[in-house]
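Have a look at the structure below before the remarks.
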Amino acid sequence: MENEIIISAENLIKKYGKGEEEVTALNDVSLKIRKGEFVSVTGESGSGKSTLLNVLGSLDKPDSGRIMVGDTDLLTMKDNDLAAYRRKRTGFIFQTYNLIPVLNVVENIVLPLNLDNAKVDNDFLEELLELSGLKYKRNSFPHELSGGQQQRVAFVRALIHKPDIIFADEPTGNLDNKTSRDVIAILKNSVKKYNQALVLITHDLSVASQADSVYVMNDGILSQGGGLS
């Protein structure tokens with residue numbers, strides 16, 4: 001169902017260090033993310049935006065607060081159940097592509113499914129290859145691809161298991177302006193087409209401003225940033 005809330009974060013607090021060295025990375029952060037929604041979070045280095053991404057993606061835990069998926073609080077789940085949730089319902093894209101050099105494009109894309117002993121939906125794979133412009137690069141190895149093509153492999157890999165929500169941490173940081181625009185356009189299209197959600201962390205205001213919902217992190221505080229341009 002479109003506009004259904006996928007994940008709801010409530011009053012998240014995360015601190016690092018102690019005493020005079022203590023830093024509040026998340027300061028009472030709350031937000032809701034819906035299906036089909038592209039959410040961007042921008043801010044200065046050290047503002048807490050990557051911490052927010054990691055906490056929402058259950059790669060890290062807050063000191064307090066709740067992260068609700070349906071009626072389930074992720075923070076109460078056992079480690080094995082949480083790992084299964086990450087594998088099956090979330091996808092991650094990072095600034096570094098993390099491709100395996102000895103595997104070709106298709107082998108890199110389906111690797112997470114193979115590691116999970118899950119069946120590959122070949123029709124869906126072909127659809128993603130077409131969407132990303134990688135159809136004719138399927139047998140190429142990472143060293144034979146441009147940076148933009150490698151990043152496309154990384155995001156198709158994040159989509160191949162049909163996650164509910166995709167978390168992207170500076171995915172255009174190593175790309176030129178044109179390639180960045182192309183990659184973001186493909187991501188936006190895929191999120192709408194498959195009714196998923198995308199949470200993207202970026203320093204690039206031109207990328208952030210393309211989102212349906214724009215937020216700014218400042219000293220651990222999250223606020224709406226609708227005035228970005």
Quiz item: Counting only heavy atoms not in Glu21, do more than 12 fall under 6.0 Å of its CD?
Solution: no
Self-check item: Ile100 backbone acceptor or donor facing Asn108 side chain under 3.5 Å
Solution: yes
Practice problem: Is it possible for you to say whether Met217 and Ile67 belong to one hydrophobic cluster, with membership spreading through side-chain heavy-atom contacts below 4.5 Å? | Solution: yes
Quiz prompt | Heavy-atom neighbours of Glu44 CD exceed 12 at 6.0 Å | solution = no
Quiz item: Would you find a donor on one side and an acceptor on the other, under 3.5 Å apart, between the side chain of Gln151 and the backbone of Pro171?
Solution: yes
Quiz item: Hey, does the side chain of Lys32 reach the backbone of Ile5 with a donor-acceptor pair shorter than 3.5 angstrom?
Solution: no
Quiz item: Where the side chain of Ser180 meets the backbone of Asp176, is there a donor-acceptor pair that is under 3.5 Å apart?
Solution: yes
Self-check item: Asp204 backbone acceptor or donor facing Thr202 side chain under 3.5 Å
Solution: yes
Exercise. Validate the cation-pi geometry between Lys162 and Phe124: distance from NZ or CZ to the six-membered ring centre under 6.0 Å, angle to the ring axis within 45°.
Key: yes
Practice problem: Indicate yes or no for a side-chain donor-acceptor contact from Ser146 to the backbone of Gln149 under 3.5 Å, with no hydrogens or angles considered. | Solution: yes
Quiz item: Short question: side chain of Glu170, backbone of His203 - any donor-acceptor pair under 3.5 Å?
Solution: yes
Quiz item: If two hydrophobic side chains count as joined below 4.5 Å and joins carry through other members, does Val199 share a cluster with Leu26?
Solution: yes
Quiz prompt | Single-linkage hydrophobic cluster Leu128~Phe167, side-chain heavy atoms < 4.5 angstrom | solution = no
